[in-house]
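See structure below.
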Amino acid sequence: TQLLEQSPQFLSIQEGENLTVYCNSSSVFSSLQWYRQEPGEGPVLLVTVVTGGEVKKLKRLTFQFGDARKDSSLHITAAQPGDTGLYLCAAVTQGGSEKLVFGKGTKLTVNP
Amino acid sequence: NAGVTQTPKFQVLKTGQSMTLQCAQDMNHEYMSWYRQDPGMGLRLIHYSVGAGITDQGEVPNGYNVSRSTTEDFPLRLLSAAPSQTSVYFCASSVGQGRNTIYFGEGSWLTVV
């Protein structure tokens, strides 16, 4: 059973379009992170959200943590070819050992 | 700015051979971990360490050993390589567990034939 479900799995869009990727779970998380991974490299942290309902913006990227802290979304405005990559969400479950679990990722391709 | 350094970058092994993937970090991080990344599977935790002398199993530990004799180094050993261990391996470090930023190495591509 996958703790974190990311959708869509693949997304191919044209430059200038907007897009949203989702990260969902039935579990409540104490925090959630979004990473971006380019081919041949390791993931790089984009943002950490910790409060239900929290919205963070990073230039053209907007991250939202659900009110119940079970889901999150990443919205990209006016996508550019440089946004191409694998977007991974990762979350820490409440209680327990605070291990980070990753979703399977959304592979985004932005065509010029 | 070395960060997390993994070696080798690429390796081909024959079934049954053993090898060690090296990982070193220069950020004085207590927490280090190893992940494998397979197509359609995301990142899965193999082993992790919360400090020198302390290691624990992650989600997929079978066939792998680790040790943490120093804060800086966290090698991953494949005892008897199997084709199912063909994957990309990432070492990572952070100040602690949970919501802290995880810094990943560049990855090690391992093929077992």
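Naming: A, B, ... by sequence-line order, numbering from 1 per chain. Source: prediction; values computed, not measured.
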Where does [X] contact chain A at under 4.5 Å (heavy atoms): side chain, backbone, both or neither?
X	answer
B:N100	backbone
B:Y103	neither
B:Q37	side chain

For B:F104 against A:G42, the heavy-atom pair lying closest together: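 That would be CB-CA, 4.1 Å.
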Nearest atoms (heavy-atom pairs only) where A:G40 meets B:W109: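 Where A:G40 meets B:W109 most closely, the heavy atoms are CA-CH2, 3.6 Å.
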So if you build clusters from Ile, Leu, Val, Met, Phe, Trp, Tyr with side-chain heavy-atom gaps below 4.5 Å, do [X] and [Y] land together?
X	Y	result
B:F10	B:V88	yes
A:V110	A:W34	yes
A:F102	A:L86	yes
A:I13	A:V21	yes
B:Y48	B:Y35	yes

Checking [X] against chain B: side chain, backbone, both or neither under 4.5 Å from a heavy atom?
X	answer
A:L32	neither
A:V50	side chain
A:Q6	neither
A:E41	backbone

Heavy atoms from other residues, nucleotides or ligands near CD of B:E106 exceed 12 (cutoff 6.0 Å):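 Counting other residues, nucleotides and ligands, CD of B:E106 stays at 12 neighbours or fewer.
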Atom NZ of A:K57: over 12 foreign heavy atoms under 6.0 Å: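 Check fails, neighbour count at 12 or below.
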Validation row: B:I102, A:Y35 side chains within 4.5 angstrom (heavy atoms):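 Counting from C-beta outward, B:I102 and A:Y35 do come under 4.5 Å.
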